[in-house]
2 protein chains.
Amino acid sequence: MTIAPRKQKILAAVIENYIACGEPIGSKSLMNEDLNVSSATIRNELADLTAKGFLVQPHTSAGRIPTEDGYRYYVDNIMEVKSPDERVKRYIQSRLRSCDDAPERILETAGKILSELLMTVAAATTPPGENARVHKLKFVQTGRYTSMLVLITSSGMVKSRLFRCDYAITPEMLNVFDRSLNEALAGRPLTSVNQPFAQTFAASFGELGLLMPDMLNAVMDACSEASGINIYTSGTTKLLYQNGLDLISARNILEFLGDSSESEKMLSNVPDGTNIYIGRENPSPLLRHSSLISARYNIEKQPAGTLAVIGSTQIDYKKAVSILEYTAETVSELISELVRKG
Amino acid sequence: MTIAPRKQKILAAVIENYIACGEPIGSKSLMNEDLNVSSATIRNELADLTAKGFLVQPHTSAGRIPTEDGYRYYVDNIMEVKSPDERVKRYIQSRLRSCDDAPERILETAGKILSELLMTVAAATTPPGENARVHKLKFVQTGRYTSMLVLITSSGMVKSRLFRCDYAITPEMLNVFDRSLNEALAGRPLTSVNQPFAQTFAASFGELGLLMPDMLNAVMDACSEASGINIYTSGTTKLLYQNGLDLISARNILEFLGDSSESEKMLSNVPDGTNIYIGRENPSPLLRHSSLISARYNIEKQPAGTLAVIGSTQIDYKKAVSILEYTAETVSELISELVRKG
DNA sequence: ATTAGCACTCTAAGTGTTCGAGTGCTAATC
DNA sequence: GATTAGCACTCGAACACTTAGAGTGCTAAT
């Protein structure tokens with residue numbers, strides 16, 4: 001459906017004003033926009049937009065507020081997304097560059113930035129590590145009975161795990177573990193480091209194998225974490241500050257994020273590029289009264305993970321998309337650079 | 001001020017009912033308690049308790065609600081704290097024992113347990129590491145330009161840091177760093193590992209010292225984190241579910257926790273044992289309409305850190321104290337055990 | 001000291017009324 | 001044919017008013 005330019009302009013004005021102030025918008029307040037027509041004309045247009053289903057009146061003597069269809073039309077056909085301010089860009093760059101040591105940090109920081117700048121809940125998924133392999137393992141003794149395992153994957157992720165044994169650990173023992181595990185695991189897919197593997201591995205050492213379960217648990221644990229998707233959530237407390245978001249929706253958003261299976265599935269199945277789900281368009285029933293805006297980031301041109309913000313349907317779509325896209329772009333660059341450098 | 005037993009019983013009944021249902025409590029509903037007196041008698045007692053300032057009426061035809069003084073009297077003189085249910089104890093034990101690898105994990109988990117069981121925000125401070133010393137440092141190469149530093153303190157804390165250099169790292173180089181840093185630092189107070197030290201240290205290596213700044217930054221960073229107090233906060237989202245807590249207080253609690261200098265100062269200056277701050281008794285103005293309940297935990301009988309929950313003044317003090325004390329006790333035992341084992 | 005009884009107070013909830021914001025429609029105008 | 005001024009209309013917010021009921025304090029009797 002295509003709509004006359006002036007009508008689009010009016011629709012955009014209603015939506016942008018409504019997003020800004022949260023009150024229904026009447027014909028008179030729209031005369032401030034540079035439309036140069038009388039309020040009666042505007043009313044005619046508003047009536048038409050209402051008939052088309054883009055606006056509704058809460059009651060006869062109120063102004064209009066956008067419907068979800070209205071937001072959808074706005075987002076698809078009217079909204080012009082601009083690149084963020086130079087100042088904002090610099091801020092995003094500096095925040096993200098200050099944690100150039102690890103991809104996880106970058107993603108976590110990206111989530112924080114988004115939630116700060118957009119005053120919403122934000123989420124960032126790590127790239128799926130299912131195809132990654134073990135690159136290297138290393139043990140560091142941290143106490144008489146405790147050690148730290150450091151796992152480095154082929155994709156450059158670093159995971160560490162502390163573990164404790166029932167017996168006093170000796171450097172020699174750790175060396176044996178280190179050598180044999182690296183031999184056995186280097187190049188193996190993370191997903192293949194599972195219970196059966198651990199048993200076979202321990203068994204092949206006879207007596208010595210009895211000393212291994214704690215350590216092998218740590219290894220499996222680290223591999224399984226590195227092979228899955230992790231979600232960093234930021235700004236949940238922003239829900240207390242949002243307007244246009246009722247308590248129930250706020251709780252639903254929290255439950256969506258708290259249920260990692262649901263949010264993981266949803267966020268990792270989001271299409272490439274930028275995507276907006278408005279209210280009932282959301283796959284998850286928990287978000288049916290909220291909006292989710294997502295952007296994918298890439299590593300070396302390959303689709304990798306998702307950044308997303310969630311808020312009321314009355315969220316500032318233009319600003320959100322602009323900042324989200326720029327952040328995703330920057331994240332892509334920085335992580336790609338890390339991977340390239342190795 | 002001492003109060004007749006029956007009056008105490010009535011005060012307790014009002015408070016406990018009010019905490020449970022959030023509605024003002026009238027004389028009739030108190031007849032269900034086993035007082036065996038008429039509502040008129042209860043009214044006389046209520047009038048007296050109101051005159052003493054322990055109760056107020058929101059309006060003439062309403063029941064009574066407790067004042068902060070009322071809560072204070074209840075907490076000091078009436079409330080009998082019992083040890084938690086066996087089931088709850090077992091749950092706390094199992095959760096805390098499942099992370100027996102690191103003190104930090106135990107504290108983080110303790111916070112989570114508290115916020116889950118009490119449906120409030122919880123905080124846990126790490127022991128101040130100001131007197132701790134460097135025990136050992138270890139480097140693990142994670143990429144061509146990146147490495148991980150693992151710092152182990154004399155108090156058994158383990159901190160890791162990733163860092164990146166401009167030049168390709170060689171195992172030999174890491175070995176040199178490792179050896180010379182361990183030599184220079186082992187036994188040194190964490191707080192003495194600062195900028196001046198780093199400069200002197202790097203200078204003593206001449207040319208080679210130019211390669212060190214990134215690594216030394218990581219070392220200083222890790223030491224300064226380990227020497228300070230960290231606060232683990234859990235359950236901030238519970239604020240959305242609490243009743244008796246208005247939006248402003250909820251935000252204030254968040255701000256209190258967000259301002260680490262304030263919360264750090266407050267939480268680490270809390271007296272030994274269990275402590276309850278009700279409303280205006282709170283040192284921080286941000287908590288003047290909330291209650292904070294804290295319990296200290298010990299390491300090897302030495303005061304170490306604080307566990308705390310924060311909620312509306314209408315929080316279930318009895319349950320909170322009971323669970324908080326048991327958790328603090330268990331944390332003390334587990335961490336002491338870790339330290340003893342080394 | 002306790003209690004039954006009662007007058008009293010005050011809120012929550014419902015009703016009626018007014019005010020005004022915003023509308024849709026119509027007839028006049030460009 | 002599009003635009004606009006004008007006007008009647010609608011409906012909610014705000015306020016006043018009423019009523020019902022919960023809870024009280026007081027008094028006189030036990």
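A, B, ... follow the sequence lines: proteins, then strands. Residue 1 opens every chain. Small disclaimer: the values here were computed from a predicted structure and weren't measured.
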Between atom [atom1] in [X] and atom [atom2] in [N], what is the gap in whole Å?
{"X": "A:Met31", "N": "D:dT3", "atom1": "CE", "atom2": "P", "answer": "14 Å"}
{"X": "B:Glu23", "N": "D:dG23", "atom1": "CD", "atom2": "P", "answer": "10 Å"}
{"X": "A:Glu45", "N": "D:dT3", "atom1": "CD", "atom2": "C1'", "answer": "11 Å"}
{"X": "A:Leu55", "N": "C:dG24", "atom1": "CG", "atom2": "C1'", "answer": "16 Å"}
{"X": "B:Ile25", "N": "D:dG23", "atom1": "CD1", "atom2": "P", "answer": "9 Å"}
{"X": "A:Leu30", "N": "C:dA21", "atom1": "CG", "atom2": "P", "answer": "16 Å"}
{"X": "A:Asn36", "N": "D:dA2", "atom1": "CG", "atom2": "C1'", "answer": "15 Å"}
{"X": "A:His59", "N": "C:dT23", "atom1": "NE2", "atom2": "P", "answer": "11 Å"}

Would you mind telling me which of [options] lies closest to the side-chain atoms of [X]?
{"X": "B:Ser61", "options": "D:dT24, D:dA22, C:dG24", "value": "D:dA22"}
{"X": "A:Gln57", "options": "D:dT4, C:dT23, C:dT3", "value": "C:dT23"}
{"X": "A:Arg64", "options": "C:dG24, C:dT2, C:dA21", "value": "C:dG24"}
{"X": "B:Thr41", "options": "C:dT3, D:dG25, D:dT4", "value": "C:dT3"}
{"X": "B:Arg43", "options": "C:dA21, D:dA5, D:dG25", "value": "D:dG25"}

Distance in Å, B:Ile10 CD1 paired with B:Ile78 CD1, rounded so as to fall on 0.5 Å steps: 10.5 Å
In this structure, OG of A:Ser290 is separated from CD of A:Gln242 (nearest 0.5 Å) by 8.5 Å
Can you list the steps and then say if B:Arg95 with B:Glu116 is a salt bridge (Lys or Arg N to Asp or Glu O under 4.0 Å)? CA-CA 12 Å; B:Arg95 286 285 304 270; B:Glu116 280 167 26; 3.1 Å; yes
Side chains of A:Thr330 and A:Thr327: is there a donor and an acceptor less than 3.5 Å apart? no
B:Pro58 or A:Lys28: which one's nearest nucleotide on DNA chain C is closer to the 5' end? B:Pro58
When the nearest nucleotide of DNA chain D is assigned to B:Asn44 and to B:Ala62 on a heavy-atom basis, which residue is associated with the more 5' position? B:Ala62
Please assess A:Arg72 against A:Glu281 for the test salt bridge (Lys or Arg N to Asp or Glu O under 4.0 Å), listing each intermediate value before the final yes or no. CA-CA 10 Å; A:Arg72 171 50 59 198; A:Glu281 299 170 0; 2.5 Å; yes
Think B:Ser39 has a side-chain N or O under 4.0 angstrom from the OP1 or OP2 of C:dT3? no
For DNA chain D, stems built from three or more consecutive Watson-Crick or G-U wobble pairs below 3.5 Å: C:1-30 with D:1-30
Under 4.0 Å between any heavy atoms, over every strand shown, what does B:Ala40 touch: base, sugar-phosphate, or nothing? Just pick one. base
Sequence neighbours excluded, every pair satisfying side-chain hydrogen bond (donor to acceptor under 3.5 Å, both in side chains) that has a member inside residues 7-22 of chain A: A:Lys7-A:Asp48, A:Gln8-A:Tyr73, A:Glu16-A:Tyr74, A:Asn17-A:Glu33
Go through it in stages, so that I can follow the logic: the residues are A:Arg280 and A:Asp69, the test is salt bridge (Lys or Arg N to Asp or Glu O under 4.0 Å), and I'd like the CA-CA distance, side-chain angles, deciding distance and then a yes or no. CA-CA 10 Å; A:Arg280 58 168 192 271; A:Asp69 286 346; 2.8 Å; yes
